[in-house]
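Inspection log for the structure reproduced underneath, given as structure tokens.
Each residue takes its place number in the sequence, starting with 1. Atoms within each ligand, like the ligands themselves, are counted from 1 in listed order. Worth saying up front: this structure is predicted, and the values here are computed from it rather than measured.
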Amino acid sequence: MRVSIIPAIFCGLPSWNSSTGSAAWSSGGYARSQVPAGCVNLPARAHFPAVKSFDTFDFTAIASLNKPLVLELARCEYIVARDNIIALGNSGTGKTHTCLALGLAACQRGFSVAFYTAAGLVHQLMEARDERRLLKLQAQLAAVKLLIIDELGYVPLSQTGAELLFEVFSQRHEHGSAIVTSNLPFEEWTSVFQSPRLTGALLDRLTHHVHILELNGESYRLKHSKARRRREAQQADKTAEIPASS
Ligand code: ADP
Ligand code: MG
């Protein structure tokens, strides 16, 4: 989906960096310079992963998700309070959909939002460090009102990567909100950050003022592809039942 379909009135210019897995919107109220480098001036070939809203989210499909809490969070008061959100659950249960919808809601209310995958953000931080522009990137990340970090847990981080990501959370602590999604329960986060000490310090900051969303259940994708296959099989059976003479 091309980014240009995102309503410009809501978000200003969003951008998606497909090579590093990051995207960002700058609201009209925020200077471009506050948005992380590489997140504006979209390369022509780049695509935003998806535009998602709660209008297309089926809450009945995920019983573990606290719908009243999600709808409350969509009002964005947690951003004013500088609270964080952590969405936990297995793959395909709507974590990315939820954080993109919360991101869109934040844009609609004029907050600056930056979206990254955890691996994409670490990649950008390491690159910035190598190019001696880490402080600038860190300052830009700290200035964004809502930082969304998706897919923490799929890829274990190197020690440097873990430390750089920790610094991002540390610098934002009580200054701005973050949404983090992960397929791993908290007790397994050490496997991502390698160090129990670092993981403990990170969780301490992240969960100080936090709203936890639980998305555990059958994968939405899997459920839908199973239902489709069932329909196709039923259709094939019906076709086979038609007598050859008819
Ligand atoms: P996760 O990030 O948890 O792996 P995603 O958010 O990527 O899952 O969801 C996988 C796909 O299923 C996406 O296309 C998403 O829009 C869709 N999806 C997941 N849950 C729901 C839901 N409850 N209602 C509508 N679509 C959903
Ligand atoms: Mg996801």
Side-chain angles (χ1 to χ4, degrees), residues 1-3 5-7 10-11 14 16-25 39 46-74 84-108 113-124 146-157 161 165 177-189 191-193 206 210-232:
M1 195 177 291
R2 291 257 163 218
V3 292
I5 71 158
I6 295 179
F10 295 151
C11 307
W16 169 253
N17 186 331
S18 57
S19 62
T20 56
S22 67
W25 299 266
C39 295
H47 290 73
F48 191 75
V51 179
K52 301 281 181 178
S53 76
F54 289 118
D55 294 346
T56 57
F57 193 80
D58 177 8
F59 282 93
T60 64
I62 181 85
S64 63
L65 184 61
N66 182 342
K67 180 179 175 183
L69 174 60
V70 174
L71 297 182
E72 166 68 28
L73 293 172
N84 298 319
I85 299 174
I86 301 180
L88 300 176
N90 50 295
S91 180
T93 51
K95 297 182 299 298
T96 299
H97 190 134
T98 303
C99 71
L100 284 169
L102 287 169
L104 186 63
C107 288
Q108 288 169 335
V113 182
F115 178 98
Y116 293 85
T117 62
L121 180 55
V122 167
H123 177 91
Q124 288 211 19
L146 173 62
L147 180 65
I148 302 176
I149 301 182
D150 196 19
E151 295 187 354
L152 185 80
Y154 284 113
V155 187
L157 305 174
L165 196 56
S177 296
I179 302 180
V180 177
T181 81
S182 179
N183 59 316
L184 296 179
F186 290 133
E187 43 295 3
E188 289 177 35
W189 282 29
S191 66
V192 180
F193 290 94
L206 205 55
V210 75
H211 306 271
I212 310 262
L213 300 177
E214 286 184 48
L215 294 95
N216 279 304
E218 195 183 355
S219 159
Y220 191 84
R221 285 190 208 100
L222 203 63
K223 201 156 59 185
H224 276 247
S225 60
K226 273 189 201 160
R228 198 183 52 241
R229 277 200 297 276
R230 251 196 322 271
R231 276 197 306 275
E232 285 167 2

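Put simply, the residue from N66, L73, N84 that forms a side-chain contact (heavy atoms from CB on, under 4.5 Å) with H211 is L73.
The shortest N or O to N or O distance between Y154 and ligand 1 is not under 3.5 Å. Ligand 1 has an N or O atom lying under 3.5 Å from an N or O atom of G92, backbone or side chain. Checking only distances, T98 never comes within under 3.5 Å of ligand 1, N or O to N or O.
For K223, the NZ atom counts as densely surrounded, since its 6.0 Å shell holds more than 12 non-hydrogen atoms of other residues, nucleotides or ligands.
In this structure, the side chain of N183 does not engage the main chain of E151 through any donor-acceptor pair within 3.5 Å. Judged purely by atom type and a 3.5 angstrom limit, S177 has no side-chain atom pairing as donor or acceptor with the backbone of L146.
In plain terms, the two heavy atoms of S219 and S91 that are nearest each other are CB-O, 3.5 Å. Across all their heavy atoms, F115 and T96 have their closest contact at CZ-CG2, 4.5 Å.
Atoms CG and OH, on L215 and Y220 in that order, are 13.0 Å from each other to the nearest 0.5 Å. Atom OG1 of T93 sits about 12.0 Å away from atom CG of L222, to the nearest 0.5 Å.
Looking at T56 against ligand 1, only its backbone comes within 4.0 Å, counting heavy atoms. No part of E151 comes within 4.0 Å of ligand 1, judged by heavy-atom distances.
At a threshold of 4.5 Å between non-hydrogen side-chain atoms, the residues F57 and V70 do not count as touching.
When hydrogens are left out, the protein atom nearest atom 17 (C) of ligand 1 is Y220 CD2, 3.5 Å; that is the closest non-hydrogen contact. Closest to atom 15 (C) of ligand 1, if we only count protein heavy atoms, is H97 ND1, 3.5 Å. Looking at atom 13 (C) of ligand 1, its nearest protein heavy atom turns out to be K52 NZ, 3.9 Å. Nearest to atom 24 (N) of ligand 1 among the protein's heavy atoms is D58 N, 2.8 Å.
By the 4.0 Å heavy-atom criterion, G89 is excluded from the residues contacting ligand 1.
Remark: among candidates K95, K223, R221, H224, the nearest residue to atom 7 (O) of ligand 1 is R221, based on non-hydrogen atoms. Nearest to atom 5 (P) of ligand 1 by heavy-atom distance, out of G94, S91, A87, is G94.
Because the distance cut-off is set at 2.8 Å, T96 qualifies as a neighbour of the Mg ion (ligand 2) through one of its N, O or S atoms.
Of all atoms in ligand 1, numbered sequentially from 1 with element shown, those under 4.0 Å from a heavy atom of T93 are 1 (P), 3 (O), 8 (O), 20 (N).
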